[in-house]
Amino acid sequence: MLRKRWIHRCQVALAVLAILAASAVLCGALWLNERGFEGEWGERITQELQRRGIHADFRRVRFSPIKGLMARDLVVYSDQSREQVLARIPRLQIEVDRAEALRGDLTLRRLHLGGADLAIPIGSDPPHTLYVRNLHGDATLDRQGRLLLQHASAQLGGLEIKLELELEEFDLGRLFRPDRERGDSSRLDALLTSSFKELRHWSFADHAPPHLAVRLTGNLERPASIRTTLELQAERLTRRGYDMQEVLFRGEFRGRTMTVETLKFRDKHGHCSISADFDLAAQEGRYKIDSTLALKELLDLNFGLRPLDRIESDASPTIHATGKLAFPSDGSPRVGAIGSLELPPFQFKGHPFDGLETSFSWQDGDLYLRGLKVTHPRGELTGKVLIKDGTIRYDVSTSLPLAVYTPFLREGAALDQAIKRCSFTPRSAILLEAEGTMLQSDLRQWASKGRASFQNFAFSGVPLADAASSFDISPAESTFSDCRVVLD
């Protein structure tokens with residue numbers, strides 16, 4: 001009986017010892033995980049990073065058996081001179097081969113970035129700086145110079161960014177070497193200057209920042225192999241006061257070419273879909289557009305163009321076009337387009353029209369309309385019109401009523417006096433075939449020739465069934481010939 005009791009007490013004691021030992025091991029592991037081994041890890045990891053082209057200093061580095069290396073207040077420099085700071089990382093977890101680390105060998109597997117701030121210089125004359133804030137992500141850099149960045153997020157200029165990198169031949173020392181060693185950078189400097197100048201025209205609401213996803217792949221020693229894919233989504237963007245909503249952009253950069261797979265957005269009147277390719281070095285490209293946007297506002301605010309300033313409409317035109325776009329060094333954009341346009345009911349000089357449809361071509365402010373058709377409740381106009389260098393050239397056939405022509409008549413002129421002697425009824429009609437010119441700045445300054453026919457009207461009280469004549473009218477003189485009159 002005594003022996004059984006003694007055995008039982010031994011078992012209890014062993015169990016307690018086992019529990020205490022396990023607790024001690026667990027507490028020790030937890031303590032080591034949180035506190036780690038201080039040792040000379042900072043110097044060892046600094047040497048390992050230098051072998052991979054990264055020059056950095058740490059305020060504190062410790063080794064945790066569970067978490068790996070834990071670094072605090074990391075500073076990364078552009079080169080071994082440690083004069084230019086590229087990044088400040090408050091927290092950095094470094095995955096290593098733990099067994100090798102305990103034996104004194106250090107093999108880096110993965111870096112976990114926490115809240116890093118980067119200042120990345122680009123260009124040279126003068127250099128521009130990209131400020132990346134609050135970068136989180138997982139990075140690996142093997143001894144062959146292959147850099148991987150995954151699950152990364154950050155802020156850039158107020159944008160929320162998702163970032164993914166897969167780069168070969170990565171070396172900070174080569175990436176930020178002096179310009180004289182990298183060769184001529186004038187083309188890059190010009191591109192960066194124009195790009196930053198353009199970005200100053202854009203803005204967005206602080207409470208709804210755009211979201212940008214970036215994937216960058218390629219070999220840094222072969223710039224032509226580098227490919228950058230982008231996807232931008234924004235509730236609202238503003239350029240020079242023009243508001244765009246529900247913005248979606250997908251595209252890629254490869255070498256000097258930017259390809260816009262799709263750009264979609266809407267404004268207060270309609271929507272737009274664009275695809276394009278653009279030569280970043282030459283600052284020119286081609287595009288295709290389908291749009292029901294507020295065209296007047298878009299052209300005026302963004303390009304200073306006012307081709308439709310005399311047309312008033314509550315609805316937007318429908319446009320299908322292809323064309324070319326260029327931003328030369330003088331800053332004045334050049335726009336070319338060929339396509340079709342349909343305009344719903346509108347007013348011109350206070351007169352209502354049912355609609356307009358035409359094929360068109362546009363080049364740097366010059367507009368050519370062909371296959372033009374303008375409809376009115378009491379007639380229509382067809383023909384072609386060229387607006388170039390402030391002059392309107394036209395070749396049209398029309399059955400529009402007399403009231404539509406009043407904005408083009410000079411008060412008190414001979415033609416105005418003659419028309420005032422005419423009386424018209426709902427049965428009256430005016431048929432014109434005319435070609436001529438007109439000043440865009442003053443629609444009353446014009447010259448025209450052709451043939452006119454007035455039907456079912458009265459002249460000086462005399463009813464006429466038809467009056468027709470060829471005419472040649474200019475500011476200097478008016479000539480009428482081949483006249484024919486049929487009394488009613």
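- A heavy-atom distance below 4.5 Å is not found between the side chains of F457 and T425.
- Looking at heavy atoms from C-beta onward, E284 lies out of side-chain contact with F327 at the 4.5 angstrom threshold.
- Between the side chain of D364 and the backbone N or O of V335 there is at least one donor-acceptor pair closer than 3.5 Å.
- By the 6.0 Å contact criterion, CZ on R133 is enclosed, its count of non-hydrogen atoms from other residues, nucleotides or ligands being greater than 12.
- How far CG of L402 is from OG1 of T406: 7.0 Å, rounded to the nearest 0.5 Å.
- Here Y405 contributes atom OH and I430 contributes atom CD1; the two are 6.5 Å apart, rounded to the nearest 0.5 Å.
- Side-chain atoms of S316 come within 3.5 Å of backbone atoms of T292 as a donor-acceptor pair (strictly under, hydrogens ignored).
- To the nearest 0.5 angstrom, F249 atom CZ is 9.5 Å from E261 atom CD.
- Surrounding CZ of R410 are more than 12 heavy atoms belonging to other residues, nucleotides or ligands, all under 6.0 Å away.
- For the atom pair D277 CG and Y287 OH, the distance stands at 12.5 Å (nearest 0.5 Å).
- Applying the salt bridge (Lys or Arg N to Asp or Glu O under 4.0 Å) definition to pairs two or more places apart or across chains, those involving residues 245-255 are R227-E252, E231-R250, E246-R266, E252-R254.
- Aromatic ring pairs are classed by plane angle as parallel below 30°, tilted from 30° to 60° and perpendicular above 60°; the pair F265 and Y242 is perpendicular.
- Between R484 and D466, at least one side-chain nitrogen of the basic residue sits less than 4.0 Å from a carboxylate oxygen of the acidic one, meeting the salt-bridge criterion.
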Checking side-chain contact (heavy atoms from CB on, under 4.5 Å) for the pair D138/T140: CA distance, chi angles, key distance, verdict?
CA-CA 7 Å; D138 301 332; T140 60; over 6 Å; no
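- Around OH of Y131, the count of heavy atoms belonging to other residues, nucleotides or ligands within 6.0 Å does not exceed 12.
- Nearest approach of K384 to R370, heavy atoms of both residues: CB-CA, 4.2 Å.
- Expressed to the nearest 0.5 Å, how far CG of N134 lies from OG of S153 amounts to 7.0 Å.
- The only option from H151, R215, Q150 that meets the side chain to side chain donor-acceptor pair (under 3.5 Å) definition with E164 turns out to be R215.
- How far CG of L443 is from CD1 of I392: 5.5 Å, rounded to the nearest 0.5 Å.
- When only modelled atom types and interatomic distance are considered, E235 and Q245 share no side-chain donor-acceptor pair under 3.5 Å.
- Between the side chain of N219 and the backbone N or O of L167 there is no donor-acceptor pair closer than 3.5 Å.
- Contact check for M244 versus L293: no side-chain heavy atoms found under the 4.5 Å cut-off.
- Side chains of H201 and R240: a donor on one and an acceptor on the other come within 3.5 Å.
- One N or O on the side chain of S399 and one on the backbone of E380 form a donor-acceptor pair closer than 3.5 Å.
- The backbone N or O of L439 sits nowhere less than 3.5 Å from a side-chain atom of T391 that would complete a donor-acceptor pair.
- Side chain of S428 to backbone of N456: a donor-acceptor contact under 3.5 angstrom is found.
- Between the side chain of R444 and the backbone N or O of L409 there is at least one donor-acceptor pair closer than 3.5 Å.
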Start with the C-alpha gap between S448 and F471, add the side-chain angles, then the distance that decides, and say whether side-chain contact (heavy atoms from CB on, under 4.5 Å) holds.
CA-CA 8 Å; S448 183; F471 62 87; 3.6 Å; yes
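- For D206, the CG atom is loosely surrounded, since the number of other residues' heavy atoms within 6.0 Å does not exceed 12.
- The environment of K420 atom NZ is dense: over 12 non-hydrogen atoms of other residues, nucleotides or ligands sit within 6.0 angstrom.
- Summarising the geometry of P210 relative to L237, their closest heavy-atom pair is CG-CD2, 3.8 Å, with the distance given to 0.1 Å.
- A side-chain donor from one of D243 and T238 sits under 3.5 Å from a side-chain acceptor of the other.
- A donor-acceptor pair under 3.5 Å is absent between the side-chain atoms of T358 and the main chain of F360, judged by distance alone.
- Under the 4.0 Å criterion applied to side-chain N and carboxylate O atoms, R451 and E433 are not assigned as salt-bridge partners.
- Using a 4.5 Å cut-off on side-chain heavy atoms (C-beta onward), P377 and D354 make contact.
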Given L372 and L356, is the side-chain contact (heavy atoms from CB on, under 4.5 Å) satisfied, shown in steps?
CA-CA 7 Å; L372 173 66; L356 177 153; 3.9 Å; yes
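- No side-chain heavy atom of H136 sits less than 4.5 Å from a side-chain heavy atom of L113.
- Scored by the side chain to side chain contact (heavy atoms under 4.5 Å, CB included) test, E435 finds D395, K449 as partners (sequence neighbours excluded).
- Within the structure, the ring pair (Phe, Tyr, Trp, His ring centres under 6.0 Å) test picks out the following pairs touching residues 374-399 (sequence neighbours left out): F353-H376.
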